Amino acid sequence: MIIGVIGGVGAGKSTVLEILEQSYSCRIYRTDDIAKSFYQAGNPVFTSLRELLGDDMIRDDHIDIPKLGQKLYQAGNAGLRERIERIVHPAVWKNVDARIRDAKKEGRNIVVETALPTGHFTEKCDEVWFVHCEPEIRIKRLMESRGYSREKALGIIRSQMEDEEYFSLADWVIENSGTEEETRNEIYEHCKRLEW
């Protein structure tokens with residue numbers, strides 16, 4: 001099967017992916033990690049981003065990701081984010097498609113995680129799982145794990161999709177506001193239904 005995992009920052013998608021990888025031997029692909037691998041000199045995505053963003057966003061032949069993040073999450077930069085997505089997303093999904101073809105040859109279940117689900121993504125997946133977490137818990141996690149201020153955490157959360165949009169795309173919802181053990185048990189029960 002191909003499982004899509006979606007959810008906003010701080011919802012705990014990484015915890016879910018670790019459980020699926022360690023306990024169910026799933027092949028895991030994180031679209032954000034794939035995108036970041038393109039942000040270096042020599043890659044066509046890097047060249048296009050450099051043309052869009054200018055040289056002040058380049059450091060040591062790489063896109064300066066922290067600097068780019070600051071720019072993207074400032075008010076009024078939604079248009080820039082969309083232009084970047086038009087460059088990066090097609091390359092990411094082409095890469096994911098190739099990885100899925102390889103993993104299918106191994107006969108393994110595949111998990112693709114993304115914060116920005118597209119129509120291509122939902123068409124590829126046999127099931128889409130939404131990792132849901134209460135906003136205050138997400139803010140607390142981001143402050144503790146990444147050292148963000150409350151304002152920065154809120155800004156990033158508000159820049160992403162609303163929970164209602166994630167719910168509308170999901171075949172199954174993991175409630176991840178509690179303990180890791182509770183999440184693990186939810187996944188176990190669902191995977192039993194899938195006969196994994």
Side-chain angles (χ1 to χ4, degrees), residues 1-39 43-49 52 63 68 72 78-133 138 156-176 183 186-196:
M1 288 185 74
I2 302 172
I3 300 296
V5 172
I6 60 175
V9 65
K13 295 188 301 295
S14 293
T15 299
V16 170
L17 297 178
E18 283 172 21
I19 292 168
L20 290 170
E21 185 172 37
Q22 293 168 7
S23 299
Y24 299 91
S25 300
C26 293
R27 176 76 71 197
I28 307 293
Y29 300 119
R30 295 171 173 88
T31 57
D32 192 46
D33 290 348
I34 293 169
K36 287 176 182 173
S37 75
F38 297 156
Y39 290 4
N43 189 288
V45 170
F46 172 89
T47 304
S48 297
L49 289 175
L52 174 65
I63 301 292
L68 177 60
L72 287 179
L80 176 62
R81 190 162 47 246
E82 288 168 9
R83 287 160 70 193
I84 291 171
E85 288 170 4
R86 282 197 297 269
I87 293 168
V88 176
H89 283 187
V92 168
W93 292 114
K94 183 177 179 182
N95 184 284
V96 169
D97 288 346
R99 291 174 186 232
I100 286 172
R101 283 192 299 272
D102 289 343
K104 278 185 172 179
K105 292 174 190 170
E106 299 173 8
R108 293 175 70 173
N109 288 317
I110 300 157
V111 178
V112 181
E113 177 272 325
T114 188
L116 297 166
T118 62
H120 182 83
F121 168 79
T122 54
E123 287 168 16
K124 281 278 174 195
C125 297
D126 297 305
E127 272 197 3
V128 175
W129 297 0
F130 169 37
V131 182
H132 177 261
C133 181
R138 290 172 64 189
I156 294 172
I157 288 170
R158 287 177 180 153
S159 74
Q160 295 186 323
M161 289 172 60
E162 298 280 340
D163 281 354
E164 289 72 23
E165 292 179 81
Y166 286 123
F167 277 118
S168 72
L169 296 170
D171 298 299
W172 183 58
V173 178
I174 303 171
E175 183 49 58
N176 196 32
T183 300
E186 280 186 78
I187 292 170
Y188 171 76
E189 291 299 329
H190 189 67
C191 287
K192 247 192 348 185
R193 289 191 289 272
L194 295 176
E195 299 182 347
W196 284 14

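As the structure is a computational prediction, the values presented were derived from the model and not from experiment. As a basis for the values below, the full set of heavy atoms in this structure was taken, side chains included, without hydrogen atoms, waters or symmetry mates. We number each residue from 1, following the sequence as shown.
Here the CG-CZ distance, from L169 to F130, works out to 9.5 Å after rounding to the nearest 0.5 Å. Note: R27 CZ to E106 CD = 4.0 Å, rounded to the nearest 0.5 Å. With values rounded to the nearest 0.5 angstrom, L52 atom CG is found 5.0 Å from I87 atom CD1. Rounded to the nearest 0.5 angstrom, R99 CZ and K94 NZ are separated by 14.0 Å. For the atom pair L49 CG and I84 CD1, the distance stands at 6.0 Å (nearest 0.5 Å). Remark: K124 NZ to T118 OG1 distance equals 11.0 Å, nearest 0.5 Å.
Environment of CD in E162: sparse, with no more than 12 heavy atoms of neighbouring residues, nucleotides or ligands closer than 6.0 Å. Residue-environment remark: CZ (R108) exceeds the threshold of 12 foreign heavy atoms within 6.0 Å.
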>> Between V92 and F38, does the side chain to side chain contact (heavy atoms under 4.5 Å, CB included) criterion hold? Intermediate values first, please.
In response: CA-CA 9 Å; V92 168; F38 297 156; 3.9 Å; yes

>> Would H132 and I174 count as a side chain to side chain contact (heavy atoms under 4.5 Å, CB included) here? Give the steps.
In response: CA-CA 6 Å; H132 177 261; I174 303 171; over 6 Å; no

>> Using the rule given for salt bridge (charged side-chain N to carboxylate O under 4.0 Å, His left out), can you reason through R101 versus D97, listing the C-alpha separation, both sets of side-chain angles and the distance that settles it, and then say yes or no?
In response: CA-CA 6 Å; R101 283 192 299 272; D97 288 346; 5.4 Å; no

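Considering only heavy atoms from C-beta on, V112 stays 4.5 Å or farther from I28 through its side chain. Residues M1 and I110 fail the side-chain proximity criterion, which asks for heavy atoms closer than 4.5 Å. The closest side-chain heavy-atom distance from T47 to N43 is not below 4.5 Å. In this structure the side chain of W93 reaches within 4.5 angstrom of the side chain of F121, judged on heavy atoms.
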I'd like a table of donor-acceptor pairs (distance under 3.5 Å, sequence neighbours excluded) in which one partner is a side-chain atom from residues 4-26, with atom names and distances.
unit_1 : atom_1 : unit_2 : atom_2 : d
K13    : NZ     : G7     : O      : 2.9
K13    : NZ     : G8     : O      : 3.2
S23    : OG     : R184   : NH1    : 3.3

Cut-off 3.5 Å, no hydrogens considered: what does the side-chain donor-acceptor table look like for residues 188-196, sequence neighbours left out?
unit_1 : atom_1 : unit_2 : atom_2 : d
H190   : ND1    : R193   : NH2    : 3.2
H190   : NE2    : E127   : OE1    : 2.9

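In this structure, D171 contributes its side chain and V128 its backbone to a donor-acceptor pair below 3.5 Å. Put simply, the side chain of T114 never gets that close to the backbone of T31: no donor and acceptor are under 3.5 Å apart. Remark: side-chain polar atoms of N176 are not paired, donor with acceptor, to backbone N or O of C133 under 3.5 angstrom. Distance alone, capped at 3.5 Å, places no donor-acceptor pair between the Y29 side chain and the I34 backbone.
Nearest heavy atoms, E113 versus A115: OE2-N, 3.9 Å. Of all heavy-atom pairs spanning P117 and Y166, the tightest one is CD-CE2, 4.1 Å.
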